[in-house]
There are 2 protein chains.
Amino acid sequence: MLRLKPNMIKYSKQTRLLLAVDCIIFGFDGDTLKILLIKRGFQPEKDKWSLMGGFVQPAESLDQASNRILKQLTGLEGVYLEQLHTFGNPLRDPIERTISVTYFALIDINKYEQQLSSDYHPEWFPLKRVPKLIFDQQDMVELAKKRIRYKAALHPILFELLPAKFTLPQLQSLYESVYNTTIDKRNFRQRVLATGLLIKLDDKDKSASKRGAYYYQLNMQHYYANFQAFLNFIPNPGNLL
Amino acid sequence: MLRLKPNMIKYSKQTRLLLAVDCIIFGFDGDTLKILLIKRGFQPEKDKWSLMGGFVQPAESLDQASNRILKQLTGLEGVYLEQLHTFGNPLRDPIERTISVTYFALIDINKYEQQLSSDYHPEWFPLKRVPKLIFDQQDMVELAKKRIRYKAALHPILFELLPAKFTLPQLQSLYESVYNTTIDKRNFRQRVLATGLLIKLDDKDKSASKRGAYYYQLNMQHYYANFQAFLNFIPNPGNLL
DNA sequence: TATTGTTAGTGTATCCTAAACACTTTAAAA
DNA sequence: TTTTAAAGTGTTTAGGATACACTAACAATA
């Protein structure tokens, strides 16, 4: 295959722009869906609440950049991270035009809490009480909320917010808080167990009740095989691939 | 509100990158779903089949850029255009790192055919016979195919591919070709008409049969109101907003 | 040790939507 | 008039979603 030296040709007349990645990081504390914000460390808007972000470096892909940024703040690797949308309004950053590729992350909030990332003064905010954010980051958060609801209605992504072992009451509470609704316990258990995605364990979580609730874990085989098909809203999901 | 002069502060140490928009343009000729490709007009890969694209200009947003590019090629404005994904692999363009924000467009192929855009030597290719494309554009097309199938299973976007007046056999043929399947005529009509989205007109299209098929048009009120809810795959779609 | 309080866990009847299924109508062309 | 090709139309059946209420476990307390 033909290889060209980097400087043989250039798109010399075109403008070059700054490119950043911003992460909307979701966590679930057992009760409320939250996002993780930091105090911005540099001008402009220094010390204002902001998403965790950073500039894309010359040798890294966008996925790599988002993983690096997420790790910087949370210490976590290999978590669920998905590209959301790219924001490119010319005036969105008052200093200099900057394109922002946004990603949303779903993390196990317990794993995070063991980490230290004090430089950024991070704080979890319930989705209903997100403070004013810089630039157009409000829009980014809104879009991420929509996307997570949309996607979770069709695919089993919410498990990414729970520990490896979780109980059905925990899972139900998660769904209820994502969709801001209540679900009948019996129907919920029936549907979720019918997917074959869960493996019942022998031990119980006794932290939330005297009786204790059985732990479950994901059947990872089924999880990957049925990720597209989860709640069967789409007929013949194979056709969509 | 505070206004800063452009040069007061700059993110001076960061690398700036080229930013392009590429459009995956879908059309339906009554039989097959197709995409519109051009012969690339400059180096590298001059004269190879390529998506229609262009660099983002300093004063335009990403949406504006995609609309400009789409109009350049097709002459069309106000068509369905949706941001798809941003591709930013460092080596995707061998000359110089270029970020590509992709959009997919759904156009009425008949409106297009009246336009002239000979500079680009554009050609329609059935989705199953797309030629080799430059860079990572093959991936872009694959992703766009997935997205259109995914989205059309939940929202009435496929109407954007048809003329304002269309027949039910045409619509069914469109769905069948998007999902590469066959659908029972009676069930299809029942479901589609039950949405209340279609208004039956008095005249018929006699081009495809002796008997002729009644024309329908969209009820635009319902169309916008029910865009999120179309086929009711998602319960309480209001919750998703 | 009996009672109370709180959460976990379970089954069935009903309804509604999706799927399967075949014949009649229309109108031009032969 | 007969033939041909596509348009148009209803009903039955099956399966999944929804509604719904009581029992079990266990610790704390009286």
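The figures here come from the full heavy-atom set of this structure, side chains too, leaving out hydrogens, waters and symmetry mates. To find a chain, count down the sequence lines: A is the first, B the second, and so on, and within it residues start at 1.
- Minimum atom distance to the side chain of A:N187 is reached by C:dG11, of the listed C:dG11, D:dA7, C:dA8.
- Whole-Å rounding puts the A:Y214 OH to C:dT10 C1' distance at 13 Å.
- The number of heavy-atom neighbours closer than 6.0 Å to NZ of B:K71, taken from other residues, nucleotides and ligands shown, is 12 or below.
- Between A:Y150 and B:Y150, the ring planes are tilted. Angles from 30° to 60° get that label.
- Nearest to the side chain of A:R189, among C:dA8, D:dA17, C:dA18, sits C:dA8.
- Side-chain proximity of A:R186 to C:dG9, C:dT12, D:dC20: nearest is D:dC20.
- Annotation: of the two residues near DNA chain D, B:A213 and A:G212, the 5′-most nearest-nucleotide partner is B:A213.
- For the pair A:Q170 CD and C:dT7 C1', the computed distance is 13 Å after rounding to whole Å.
- Between A:F188 and A:Y175, the ring center distance clears the sub-6.0 Å criterion.
- Neither side chain, B:D63 nor B:S61, offers a donor N or O lying under 3.5 Å from an acceptor on the other.
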Give me the distances for all protein-to-nucleotides 23-26 of chain C N/O pairs that come in under 3.5 Å?
| unit_1 | atom_1 | unit_2 | atom_2 | d |
| --- | --- | --- | --- | --- |
| C:dT25 | O2 | B:R211 | NH1 | 2.5 |
| C:dT26 | O4' | B:R211 | NE | 3.4 |

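- As a whole-Å value, the separation of A:D184 CG from C:dT14 C1' is 15 Å.
- B:Y80 and B:E82 share a side-chain donor-acceptor pair at under 3.5 Å.
- Between A:K39 and A:E123, every side-chain heavy-atom pair lies at or beyond the 4.5 Å cut-off.
- Considering only side-chain atoms of A:Q190, the nucleotide from D:dA19, D:dA7, C:dA8 that sits closest is D:dA19.
- Rounded to a whole Å, the CZ atom of B:F188 is 18 Å from the P atom of D:dG10.
- Between the side chains of A:D22 and A:S100, at least one donor N or O sits under 3.5 Å from an acceptor N or O.
- Computed from coordinates, the B:K206 NZ to D:dT4 P distance equals 21 Å when rounded to whole Å.
- Atom CZ of A:F166 is separated from atom P of C:dA8 by 15 Å (rounded to the nearest Å).
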